[in-house]
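Note that the structure is predicted; figures quoted are calculated from it, not measured.
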Amino acid sequence: QVQLAESGGDLVQPGGSLRLSCAASGNIFRINAMGWYRQAPGKQRELVATITSDSSVHYAVALKDRFTILIDNAKNTVYLQMNSLKPEETAVYYCNAAISTIATRTSMWYWGQGTQVTVSS
C-alpha cells in the first residue's frame with residue numbers, strides 16, 4: 001500500500017507564505033513524479049506544480065513567480081513553497097504522485113487527502 005500525507009495548510013493573511021509538505025510511505029519501489037493540485041469551492045481541481053525524480057519541474061503559468069516545488073528523494077517528500085498568497089488561492093491543496101510499488105513495479109497515480117489553505121485577513 002502507498003499513502004500520501006499532506007501537511008502545512010493553515011490560515012494566512014494575504015501576502016503571506018506557507019510551506020506545504022507531502023510524504024509518501026508504503027511499499028515504494030520508485031517515485032516517478034510528485035505534484036500539487038488545488039480545488040477551490042465551486043471550481044474544478046487544477047494543477048499547481050509537478051516535479052519528476054530528476055527534478056524536472058512544471059508550474060501553472062500564473063504561479064511560476066511565486067510558488068516553488070522541491071522534492072527530497074531520500075525522504076520521499078515533496079514540498080510546495082507558496083509566497084505572496086492571494087485570497088483567490090484559498091483551496092484544498094492535494095498532493096499526487098506517480099509511484100511504482102515493490103510488488104508490481106508498475107507506476108500508478110495516488111492522491112493525498114488534501115490540506116486546507118485559507119488566505120484571509
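Considering all non-hydrogen atoms of both residues, P14 and S120 come closest at CD-C, 3.6 Å. Taking all atoms of both residues into account, the shortest heavy-atom contact from I69 to G35 is CD1-CA, 4.1 Å. Here the closest non-hydrogen pair linking L20 and G9 is CD2-N, 3.5 Å.
Here disulfide (SG to SG under 2.5 Å) pairs that include residues 32-62, with residues two or more places apart or in two chains, number zero. Applying the side chain to side chain donor-acceptor pair (under 3.5 Å) test to residues at least two apart or on different chains, none of the pairs has a partner in residues 67-78. Pairs of residues two or more places apart, or lying in two chains, never qualify as ring pair (Phe, Tyr, Trp, His ring centres under 6.0 Å) while including a residue from residues 40-82. For the disulfide (SG to SG under 2.5 Å) condition, the pairs that include at least one residue of residues 18-85, sequence neighbours left out, are C22-C95. Residue pairs meeting the side chain to side chain donor-acceptor pair (under 3.5 Å) criterion with at least one partner in residues 11-20, sequence neighbours excluded, are S17-N83.
Residues forming a side chain to side chain donor-acceptor pair (under 3.5 Å) with T104 (at least two apart in sequence, or on another chain): T101. Residues forming a side chain to side chain contact (heavy atoms under 4.5 Å, CB included) with T90 (at least two apart in sequence, or on another chain): Q116, T118, V119. Annotation: side chain to side chain donor-acceptor pair (under 3.5 Å) contacts of D65 (sequence neighbours excluded): none. By the side chain to side chain donor-acceptor pair (under 3.5 Å) test, S7 is found to be paired with S21, residues two or more places apart in sequence or in another chain being considered. Not a single side chain to side chain donor-acceptor pair (under 3.5 Å) links S25 to another residue, sequence neighbours left out.
Looking only at distances, a side-chain donor or acceptor of N27 sits under 3.5 Å from a matching main-chain atom of Q1.
When the side chains of ILVMFWY residues are joined at heavy-atom separations under 4.5 Å, either directly or via intervening members, M34 and I28 end up in a single hydrophobic cluster. Hydrophobic cluster membership is shared by I71 and V2, with clusters built from Ile, Leu, Val, Met, Phe, Trp and Tyr side chains linked at under 4.5 angstrom. By the criterion of side-chain heavy atoms lying less than 4.5 angstrom apart, applied directly or through intervening Ile, Leu, Val, Met, Phe, Trp or Tyr residues, V12 is grouped together with V48 in one hydrophobic cluster. The same ILVMFWY cluster, assembled from side-chain heavy atoms under 4.5 Å apart, contains both I31 and M108.
Taking OG1 from T115 and CG from L80, the interatomic distance works out to 11.0 Å, rounded to the nearest 0.5 Å. Taking CZ of R66 as the start and NZ of K86 as the end, the distance is 4.5 Å to the nearest 0.5 Å. Rounding to the nearest 0.5 angstrom, the gap separating the CH2 atom in W36 from the OG1 atom in T50 is 13.0 Å.
Other members of the hydrophobic cluster containing Y94, listed by chain and number, are Y37, L47, V92, W111; membership follows side-chain contacts under 4.5 Å among ILVMFWY residues, whether direct or relayed.
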In a table with atom names and distances, give each donor-acceptor pair under 3.5 Å that connects a side chain of residues 38-45 to protein atoms at least two apart or in another chain.
{"unit_1": "R38", "atom_1": "NE", "unit_2": "E46", "atom_2": "OE2", "d": "2.8"}
{"unit_1": "R38", "atom_1": "NH1", "unit_2": "Y93", "atom_2": "OH", "d": "2.9"}
{"unit_1": "R38", "atom_1": "NH2", "unit_2": "E46", "atom_2": "OE2", "d": "3.3"}
{"unit_1": "Q39", "atom_1": "NE2", "unit_2": "K43", "atom_2": "O", "d": "3.2"}

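Using modelled atom types and a 3.5 Å distance limit, the side chains of D54 and S56 yield no donor-acceptor pair.
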